[in-house]
Structures are given as C-alpha cells and as structure tokens.
Amino acid sequence: MHHLAGKSTDRKHVTLTTPSPWQRAALGANLLAADGSLGVTIFEEMTTLAVKTGAINLGQGFPDEDGPAEIKAAAQAAIAAGANQYAPGKGTVELREAIAAHQDRFYGLRPDPQTEIIVTTGATEGIAATLLALVEPGDEVLTFEPFYDSYGAMIGLSGATHTTVPLLAPDFMPDAALMEEAFTERTKVVLINNPHNPTGAVFPREVLQRVVELSARHNAVIVTDEVYEHLTFGVQHIPVATLPGAAERTITISSAGKTFSFTGWKIGWLSGPEHLVAAIRTVKQFLSYSSGTPFQGAIAVGLGLPDDFYTGIAKSLESKRDILSEGLRAAGLDVFTPRGTYFVNVDTSPLGISDAVDLARRLPALVGVAAIPVPVFCHPEGAERTRSLLRFAFCKKTAVLEEAAARLATLRDRL
Ligand code: PMP
Ligand code: GLN
C-alpha cells in the first residue's frame, strides 16, 4: 500500500524489486519509507516543522529578504503592461540576450541566444529536462556525493543508474583516483554542482579540468549546475564551460533564485552546444512549455545590474557566514567553513551526536532552530560517512542569525 498523504518517512534507504517510475524518483531522493509510504522533500519536511514549532528556519535555503527593488518594480510594470500570456517556449528574446551578455561579461563565453540558450522554470526544470533528454536505462550518471536531492530523483525517474564520487570532509574535495575509478564506459552524463550544495565547496581549476579530461576520455556530457555562481567568498568561480575541451560537451545551468534572491519566481536557464540544447528544449517544452512571462523581463534587468551588485551580495553573505559560523563554533560544533553557497556544514559529533537525521527532527523543539541533515543527500555508504553532519543556511538577516546562534549555544545543555 502506498499512502500519498504526506506521511513523514523514516528516511532509511529502501530497495524495492520493481519500483514504478514515481517510486524510482522518490527512492533517488531518499523519500520512500520502508513501509512504502511517501514523504515530502527534506526541505519541505523541515520547513513544515519550523513553521509548526515557530523555530528559526535555517533549513531550506531561501533568503528572508527580497532582492533588488528595481527587479521587483520591473516585474510589477510588466504585469501592469500586459506581459501576462505565454512567453516563447525557449524564453523571451530579451532574457536570452541578457543571459548571453552576462556570460560574456563575467566569463568571456558567447552562447548564441537563438540556438544555445533556453529559459527554464528554475534550475530544477533545467536539471529535469536535461536528464530526461540525455539518459536512459543502462546509462550511468555520475555525481559528487553528497548530491542535491533533485539529482537523485531525476536520475531515478530517467531509469539510469546513479554513481557517485565522495566529497570528503573537511574540505569536501574529490579524491583524484576515486574520481577516475568512478567513470566507466557507461557514464553518459557527469552532473556536477559548483559551488556545491550542501557542502559549500568551490572546486579549483585542477579538479574541474580533471572532470573535463575524464569526460572527454569517456565521451560523457558534462552538466554543471552553477546556481551559486556569484556566491563565493575570496575564491573565484570557474565555469566548467570556460576550460579547454569543455564547451563542446557542457551544459551549464543557472537560476535567478540565488543570485537575485527571488527563489519563488522560478526563472532558470541553461546554455551549451546547439545539438544538446535542442534535445533538452524538446523535453522542456512538454514539461512546462514556457516559464513566467513577466518575471523574464525583470530578470533581464537584474542580469544587467552593475558589478557592484554582484560583489555586494557575496560580501554581505560572507559576513553572515562568519556570524553564524562563530555561533556554531561557540555551541561546540565543528564548523566546515564554506567557500561558496549560503550553507555551512557542521559536525555534531563533538556533542556526542551520531544521528544528524534524528537531531534535525528534534532540533526545532530542543532549541528553536531548524537545519538539514546531510545524510539525506547521500546513498547508504555516504550517509554513514556523513551521519553526524548538519547543514545550516545563512541567507538570513543578521539579527536572525545572531538569535539562532544564541539559541544554539544552549544545545549542549538540552541534549
Ligand atoms: N541546484 C542547486 C544546487 C540548488 O541548491 C537549487 C535550490 N536552490 C536548485 C538547483 C534549484 O534551483 P531553482 O529554485 O532555480 O529551481
Ligand atoms: N535549494 C534549496 C536548498 O538546498 C531548496 C530548494 C527546495 O526546497 N527544493 O535548501
């Protein structure tokens, strides 16, 4: 019996002999409980818990302040001016041209806005359309582990096999030999995420170049999710597509959600060689056909903001990172300082904790703060390796982070 009524799962790793497509998606993201019942994503589970308990929500990654006023005003003006019917399936010309200009301004990349860029309904749809377009049963999709939940779900839905390379604490870099071993003749897609959610790692040139070389050797397509491209702290983000030998085999995915703090608008985009983009567009047009018309023009305005907007968001997040990290350290946790994203991971084992999933469920009631357990982003072996790790989001107002830190300082005494 499968109950579809949002029952919370025990988030154990489950195997079913002949899972149906939706079950493969749920299994891929560790959503299916041992009794076959279905859960919601870890983000929704923890946000619901935070709302119920009135806890500060440092779980699901969304900012508690809106992005730039001129972007909001542009969306409002677009609605008032009647930009309210379907946009072209591949996105408005205005936004595709703004994406191309952004790629050129920051990275010297020049995708053709007519044939090499499509707008998607968030990066999530970009990931979904790409995997459904490119992989099938018998293929392998290689990701780092921990991996963002939708990767596991969509690989599962596609019927391909999900293989992984571990990112190891404290710096969450892949081991070169393990990476080489993980590639096989069946590796069709390498799906990387840089800067990396949940670990906060930003991969250096050598790691990325290695991915490109191995992908070329195995004739794999590189899909790179760079939604946190502008959120790095003292290190440079290197788009994979800028590396020698990469452009002809790389699909780059990004989104307005993180850069402009409009996660609810769900405007994303992807770019890459025409033949791959055409294949992905074919699938995208039957997933959503097109994406929110008035928001597309507004995000085009955002992409044209001057450089100091981009440096400003990274600087402000860096100081938020430091405030929360200091609080987490003072609470007795081991902090893995992130170089990018708006997430910081901690090891809770210094407080005698060995099960971060259990702790995450108790944390809101214990101290009034919600976080995300890292093992849910892993297959069983990786879950064992990360079993005491928790992820906290720091894209919140300074006062909120300070209050969260004060609450977390009491954790030790409440366990
Ligand atoms: N990829 C990563 C790594 C993410 O963290 C997220 C979530 N914010 C997404 C994709 C989804 O982005 P979007 O909200 O644009 O669909
Ligand atoms: N990307 C966000 C995070 O990692 C959550 C997005 C979602 O809820 N699907 O927290």
Side-chain angles (χ1 to χ4, degrees), residues 25-26 28-31 39-51 57-64 67 91 95 99 118-131 143-155 167 172 191-203 223-232 237 240 251-270 284 287-288 291-292 295-296 299 302-303 317 338 340-345 360 370-374 376-378 389-396:
N30 300 322
L31 292 196
V40 293
T41 77
I42 188 65
F43 306 116
E44 195 162 340
E45 181 183 342
M46 291 302 155
T47 289
T48 305
L49 194 57
V51 170
N57 189 357
L58 305 187
Q60 191 174 32
F62 62 89
D64 61 357
L95 179 52
I99 293 163
I118 55 173
V119 175
T120 57
T121 304
T124 307
E125 191 194 36
I127 294 158
T130 301
L131 291 172
T143 72
F144 291 133
E145 183 188 56
F147 50 83
Y148 183 58
D149 68 340
S150 86
Y151 302 176
M154 290 315 302
I155 296 167
L167 299 177
F172 299 109
L191 170 55
I192 66 169
N193 172 213
N194 183 40
H196 185 263
N197 177 10
T199 66
V202 177
F203 301 111
V223 179
T224 177
D225 172 351
E226 302 185 1
V227 298
Y228 300 99
E229 62 189 308
H230 290 292
L231 311 185
T232 61
H237 168 67
V240 175
I251 291 292
T252 305
I253 297 177
S254 196
S255 158
K258 314 293 158 180
T259 301
F260 301 114
S261 296
F262 290 115
T263 61
W265 287 11
K266 299 299 294 185
I267 297 296
W269 53 86
L270 58 83
K284 182 265 177 325
L287 291 178
S288 61
S291 312
F295 300 120
Q296 295 196 33
I299 294 304
L303 288 168
L317 269 178
T341 76
Y342 40 53
F343 304 113
V344 55
N345 288 240
I372 300 284
V374 175
V376 303
F377 300 113
C378 297
L389 303 195
L390 271 187
R391 186 199 83 173
F392 290 86
F394 53 82
C395 45
K396 307 291 172 183

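Every heavy atom of this structure was used, including side-chain atoms; hydrogens, water molecules and symmetry mates were not. Counting convention: from 1, in listed order, for ligands and their atoms alike.
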Dump the pairs for me: ligand 1 N or O, protein N or O, distance under 3.5 Å, to 0.1 Å.
from     : atom 1 : to   : atom 2 : distance (Å)
ligand 1 : 1 (N)  : D225 : OD2    : 2.5
ligand 1 : 5 (O)  : N197 : ND2    : 2.7
ligand 1 : 5 (O)  : Y228 : OH     : 2.6
ligand 1 : 8 (N)  : K258 : NZ     : 2.0
ligand 1 : 14 (O) : K266 : NZ     : 3.2
ligand 1 : 15 (O) : A123 : N      : 2.8
ligand 1 : 15 (O) : S255 : OG     : 2.6
ligand 1 : 16 (O) : A123 : N      : 3.1
ligand 1 : 16 (O) : T124 : N      : 2.9
ligand 1 : 16 (O) : T124 : OG1    : 2.5
ligand 1 : 16 (O) : K266 : NZ     : 2.7

Could you go through ligand 2 and note, for every N or O atom, any protein N or O atom closer than 3.5 angstrom, writing the atom names and distance to 0.1 Å, or 'none'?
from     : atom 1 : to   : atom 2 : distance (Å)
ligand 2 : 1 (N)  : Y148 : OH     : 3.3
ligand 2 : 4 (O)  : N197 : ND2    : 2.8
ligand 2 : 4 (O)  : R391 : NH1    : 3.0
ligand 2 : 8 (O)  : Q60  : NE2    : 2.7
ligand 2 : 9 (N)  : Y148 : OH     : 3.4
ligand 2 : 10 (O) : G61  : N      : 2.7
ligand 2 : 10 (O) : R391 : NH2    : 2.6

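Annotation: ring-ring contact (aromatic ring centres under 6.0 Å, His included) contacts of F172 (sequence neighbours excluded): F336.
Proximity of the aromatic rings of F295 and F262 is defined here by a centroid distance below 6.0 angstrom, and this criterion is not met.
A cation-pi arrangement is found for K396 relative to F62, the charged atom lying closer than 6.0 Å to the ring centre and inside a 45° cone about the ring normal.
A donor-acceptor pair under 3.5 Å is absent between the side-chain atoms of E145 and the main chain of L167, judged by distance alone.
Between P338 and N345, every side-chain heavy-atom pair lies at or beyond the 4.5 Å cut-off. At a threshold of 4.5 Å between non-hydrogen side-chain atoms, the residues L31 and V40 do not count as touching.
Among residues at least two apart or in separate chains, there is no salt bridge (Lys or Arg N to Asp or Glu O under 4.0 Å) pair with a member in residues 260-270.
Side-chain polar atoms of Y228 and N193 form no donor-acceptor pair below 3.5 angstrom.
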Quiz prompt | Evaluation steps, side-chain hydrogen bond (donor to acceptor under 3.5 Å, both in side chains), between E229 and S254 | solution = CA-CA 8 Å; E229 62 189 308; S254 196; 2.6 Å; yes

